[in-house]
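Worksheet: one structure, shown below.
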Amino acid sequence: MIGVFDSGLGGLSIWQQVRAALPCESIVYYGDGANCPYGGRTEDEVTQLTMAGVEFLIEKKGAKLVVIACNTATATAIDAVRARWPGVPIVGMLPAIKPAALSTRTGVVAILGTERSLCSEKLRQYTEEFAAGVEVISAVGTGFVELVERDMEGTPEALGAVRAVVEPLVARGADMLVLGCTHYPFLADEIRRVIAGREVEIIDPAPAIARRVAQLLAEHKLAADDSHEPEYEFYTLAGGEYLQKMKRKTEVMR
Ligand code: DGL
């Protein structure tokens, strides 16, 4: 089984891409809805919660590879996770600055993310390495995670929240909008409405993450047989209603 971890429902945007790219692989998803959002939490809290989630996936569910489908958890805890389970391939995610920096025509790249990932050292280093000569501006998607967790996509509140954050970035000349939080693709319709008529590209890293998973499975000889019938499991400590919401979100993304 492939394990996928997120603070809540956002990682289902990655789950969907992994499932589509690797249709024979079973996937176990753990969403820490009881403690979401992680974005405003301390480094210690995010590290502890991430370790607990990954421990569940590896130790209890026997995950052969784990995707930390959360930029916030990756920026904060991926080194600790890799150190604790050196034998298990771990795929993490940071905002996709590199492709954005390569493609920008205006020279301005905007990153949307949570407070914790935007102020992380990992992101600072990554930006320095891959976005030299490009102006990188960023904004916290205030309220975005909460809207997605409450199933409020498609509402006027969601559109208002997205407009308030995205409009100023576009006004500053950004032509690349990097979705640096896995919850944000659920608000892609709202983002598209706000940027409509302007030459702005949305960069969602989910397909690249799925490709990386496939590559690592092949490298480690862990890929399931072509005849394998996949199973999909979902876990949370946030209760039965949350579990149902999780399953509904997988339908939304199809
Ligand atoms: N989905 C997560 C991310 O990619 C974090 C959301 C949160 O819990 O604040 O950063």
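Every number for a ligand or one of its atoms is a count from 1 in the order of the listing. Here the structure is a predicted model, which means the values were calculated and not measured.
- Side-chain contact between Glu153 and Asp189 is absent, with no heavy atoms from C-beta onward closer than 4.5 Å.
- Heavy atoms of Ser7 approach ligand 1 to within less than 4.0 angstrom.
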Counting only pairs under 3.5 Å, give me each side-chain donor-acceptor contact of residues 206-223, with atom names and distances, residues two or more places apart or in other chains.
residue: Arg212; atom: NH1; partner: Gln215; partner atom: OE1; Å: 2.8

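- Going from atom CG of Asp175 over to atom CZ of Arg198 covers 12.5 Å, rounded to the nearest 0.5 Å.
- Numbered from 1 in the order shown, with element, the atoms of ligand 1 that lie under 4.0 Å from a heavy atom of Cys181 read 1 (N), 2 (C), 3 (C), 4 (O), 5 (C), 6 (C), 10 (O).
- Not close to ligand 1: Gly8, with no non-hydrogen atom less than 4.0 angstrom away.
- Below 4.0 Å from some heavy atom of Asn71 lie the following atoms of ligand 1, by number and element: 3 (C), 4 (O), 10 (O).
- To the nearest 0.5 angstrom, Leu177 atom CG is 8.5 Å from Ile203 atom CD1.
- At a heavy-atom cutoff of 4.0 Å, ligand 1 is contacted by the side chain of Cys36 but not by its backbone.
- Considering each of His183, Arg41, Met93, Arg116, the one bringing a non-hydrogen atom nearest atom 1 (N) of ligand 1 is His183.
- An N or O contact shorter than 3.5 Å links Gly39 to ligand 1 by distance.
- With values rounded to the nearest 0.5 angstrom, Glu233 atom CD is found 14.5 Å from Tyr30 atom OH.
- Looking from atom 2 (C) of ligand 1 to the surrounding protein, the closest heavy atom is Cys70 SG, 3.2 Å.
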Could you list the donor-acceptor pairs under 3.5 angstrom formed by side chains in residues 126-136, with sequence neighbours left out?
residue: Thr127; atom: OG1; partner: Leu123; partner atom: O; Å: 2.6
residue: Glu128; atom: OE1; partner: Arg124; partner atom: NH1; Å: 2.7

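- We find the CD1-CG distance between Ile90 and Asp79 to be 11.5 Å, quoted to the nearest 0.5 Å.
- Contacts with ligand 1 closer than 4.0 Å are made by side-chain heavy atoms of Val145 only, the backbone lying farther away.
- A cation-pi arrangement is found for Lys249 relative to Phe186, the charged atom lying closer than 6.0 Å to the ring centre and inside a 45° cone about the ring normal.
- Aromatic ring pairs are classed by plane angle as parallel below 30°, tilted from 30° to 60° and perpendicular above 60°; the pair Tyr184 and Phe144 is perpendicular.
- Taking atom 7 (C) of ligand 1 as the reference point, the nearest protein heavy-atom neighbour is Tyr38 N, 3.2 Å.
- The closest protein non-hydrogen atom to atom 10 (O) of ligand 1 is Thr72 OG1, 2.6 Å.
- Considering backbone and side-chain atoms together, Thr182 places an N or O closer than 3.5 Å to an N or O of ligand 1.
- At least one N/O-N/O distance between Asp6 and ligand 1 falls below 3.5 Å.
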